[in-house]
Amino acid sequence: MKPMKPRERLLAAINHEEPDRVPVHPRFNDMTFLKEFGGLSRQQLPGTDASSDIGWGASGMAEWRMKVYEWLGVDDLIIPTTFDPLPKEKTPWKPYEKRERIIASYPDYELRLTEIITPSGTLRGVTRLGHYDADKVVEYMIKDLEEDIDKLRYYFSIDHDKRTVNMAKRAKERLGDNGILEGHIGYDLNMDYQYRFKVMHLQPDLYEEYVKMGHESQMFATRVFLEKAEPDTITGGGGFDLQLMREELYDRFVDPYIRELYRLILEHGAYPNWHQDGPGVKYLEKIRDTGTKILECMDMPPLGDIYMAEAKKRIGDDVCFLGNVDLMTIFQGTPKEVEALIKYVVEEGAPGGGLIASTGDSPPYGTPLINVQTLVKTAKKFGRYPIRRT
Amino acid sequence: MSSKAILKKIGDCIVNFDVERIRRLTREAIEAGIPPLTVIHDGMSKGMDVVGKKFEDREYFLAELVMAGETMKTAMEVVEPYLRAAQVKARGVVVIGTVKGDLHDIGKNVVISLLKANGFETHDLDVDVPAESFVEKVRETKADIVAMSALLTTTRGYMKTVVDELRKAGLRDDVKIIVGGAAVTKDFASEIGVDAWAANAVSGVQTCIEWVEAKEA
């Protein structure tokens with residue numbers, strides 16, 4: 001078969017056509033997850049230099065990712081870009097004011113106060129801006145949903161961020177035939193998990209109202225993003241919580257909204273991507289029935305309970321898989337163990353197309369480079385079509 | 001209604017997250033002369049056992065664990081004044097926190113809810129907790145158990161620092177240590193010399209209950 005370009009290869013796999021070989025794309029958030037590069041800044045990583053445009057914006061990140069993937073020997077690029085449907089400016093029909101300021105500075109972190117001042121009152125939240133892996137919410141905006149619901153009508157704006165759309169467009173142009181552009185969409189729950197579960201059980205109608213508001217904002221933002229930035233895939237949704245709640249709650253608070261969102265994505269010629277962390281084998285058909293075209297992560301034991309052979313048999317005709325690679329093996333295993341794992345995933349998942357060889361999620365910090373290189377090499381070696389079992 | 005029937009219904013309320021009914025039934029139980037500890041052990045705890053089983057069987061998930069904990073907490077609010085009046089001590093004292101460098105707290109908070117619901121006195125050190133804070137709190141509270149959480153592979157190593165500092169302070173043999181969190185494996189727990197590893201919140205709390213029951217026996 002004539003060699004395919006990466007974009008063509010990825011799209012063939014998603015459309016269940018057999019490409020020249022299985023596309024390979026290990027996921028990572030930041031190259032410093034590699035043991036060899038722990039403690040380095042992104043400017044110090046191979047493939048980049050101090051002059052590289054590696055700002056956190058979508059186009060800068062795209063540039064940086066392309067360089068490090070090239071360094072890793074990865075040809076098939078899936079470049080993520082975040083699109084935040086929450087407003088950066090005033091909403092078009094109900095203005096509010098957003099104020100942010102640092103209220104305390106400590107040697108290791110700062111505390112940032114955010115206030116959303118609306119005609120119905122003020123929402124107030126505090127975030128700890130740390131030097132570790134992520135920021136942490138110290139005080140959530142939503143403390144009493146009954147009291148805060150009217151303020152949220154202002155908070156859940158349907159405005160969109162033109163700057164983000166433009167950056168995504170530039171990233172897609174830069175990608176060209178080298179890969180596909182992935183959009184990430186979500187709405188900010190800004191509510192403590194435990195409180196959220198309580199409201200869901202004790203005030204289900206109120207919680208539903210809140211979900212509908214978030215969904216409305218998400219639908220609008222997704223539509224704008226699809227029309228303006230033309231991403232190839234979209235990952236996300238307001239409540240991907242199948243592993244956190246029982247089915248009847250999922251059916252009421254998540255499923256109908258996800259289906260509507262995915263219909264919108266499909267109508268625009270893009271592919272929805274469902275990210276399933278942890279266990280999920282029980283729900284494979286339920287995930288497929290949302291309309292998703294890609295299922296990523298798909299943890300196998302010990303983190304989850306999904307094996308490629310079973311997933312392929314049950315929903316493989318409709319859904320393309322991206323992942324099912326045990327991250328603990330990538331993290332702690334030997335190259336030989338990694339090779340056996342990737343071989344298994346390719347042999348079970350690749351026949352007939354529908355597989356992108358990937359970690360599906362970012363490997364833990366401290367992962368040896370040799371294991372990521374082994375993943376890439378093994379998938380390329382055993383992923384030539386037609387797939388042969390060895 | 002017989003005592004057995006009331007206790008059964010209290011347990012059922014926890015399984016079904018019936019916050020309003022459990023308050024009423026717990027009052028009825030106390031007014032019917034059922035000792036508060038019996039209400040906890042033969043009513044609420046039995047319900048929590050069912051919830052734990054459903055969680056293991058993946059019939060219940062995190063949302064349901066939280067709600068079962070909330071329901072039990074409601075019943076504990078009714079029972080607690082009677083426990084105090086009878087000078088019944090907490091089931092055990094637990095010092096808990098997410099270790100230094102790690103800011104994740106959802107799992108830790110669920111464990112705290114379940115521990116409280118099961119009659120433990122908990123001292124939450126929050127997140128990003130240095131070893132010296134664990135040591136100080138153990139000394140101050142005369143804790144029975146230290147529970148540590150870490151979500152990240154980069155931070156779990158700090159759990160060993162806490163163990164070492166407790167040893168240096170001469171407190172290691174006074175406490176049982178349990179660890180959990182996404183980055184923590186059974187093998188890792190053995191390597192750093194703690195007493196137990198929890199695969200999830202339910203099994204972690206169960207281990208704590210077993211420890212204090214063994215101590216009482």
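Given the structure is predicted, the values throughout are model-derived calculations rather than measurements. Order of the sequence lines sets the chain letters (A, B, ...), proteins ahead of strands, with each chain counted from 1.
- The two residues B:F61 and A:M245 make their nearest non-hydrogen contact at CD1-O, 3.2 Å.
- With sequence neighbours excluded, no residue forms a side chain to side chain donor-acceptor pair (under 3.5 Å) with A:D144.
- The stretch residues 132-139 of chain B places none of its residues near chain A, where near means some heavy atom under 4.5 Å from a heavy atom of that chain.
- Only the backbone of B:E59 comes within contact range of chain A, judged by heavy atoms closer than 4.5 Å.
- Atoms OH and CG, on A:Y193 and B:L62 in that order, are 8.0 Å from each other to the nearest 0.5 Å.
- Residues forming a ring-ring contact (aromatic ring centres under 6.0 Å, His included) with B:F120 (at least two apart in sequence, or on another chain): none.
- For CD of A:E100, the number of neighbouring non-hydrogen atoms (other residues, nucleotides, ligands) closer than 6.0 Å is greater than 12.
- The shortest non-hydrogen separation linking A:H201 to B:A63 is CE1-O, 3.9 Å.
- Heavy-atom proximity under 4.5 angstrom to chain A picks out B:V66, B:M67, B:E70 from residues 65-74 of chain B.
- Crowding of A:Y195 atom OH: a count of heavy atoms from other residues, nucleotides or ligands under 6.0 Å exceeding 12.
- A 6.0 Å sphere centred on NZ of A:K143 holds more than 12 heavy atoms belonging to other residues, nucleotides or ligands.
- In this structure, B:D187 CG and A:Q332 CD are separated by 8.0 Å, a value rounded to the nearest 0.5 Å.
- Taking CZ from A:R128 and CG from B:D128, the interatomic distance works out to 4.5 Å, rounded to the nearest 0.5 Å.
- The 12-atom threshold is not exceeded at NZ of A:K313, counting heavy atoms of other residues, nucleotides or ligands nearer than 6.0 Å.
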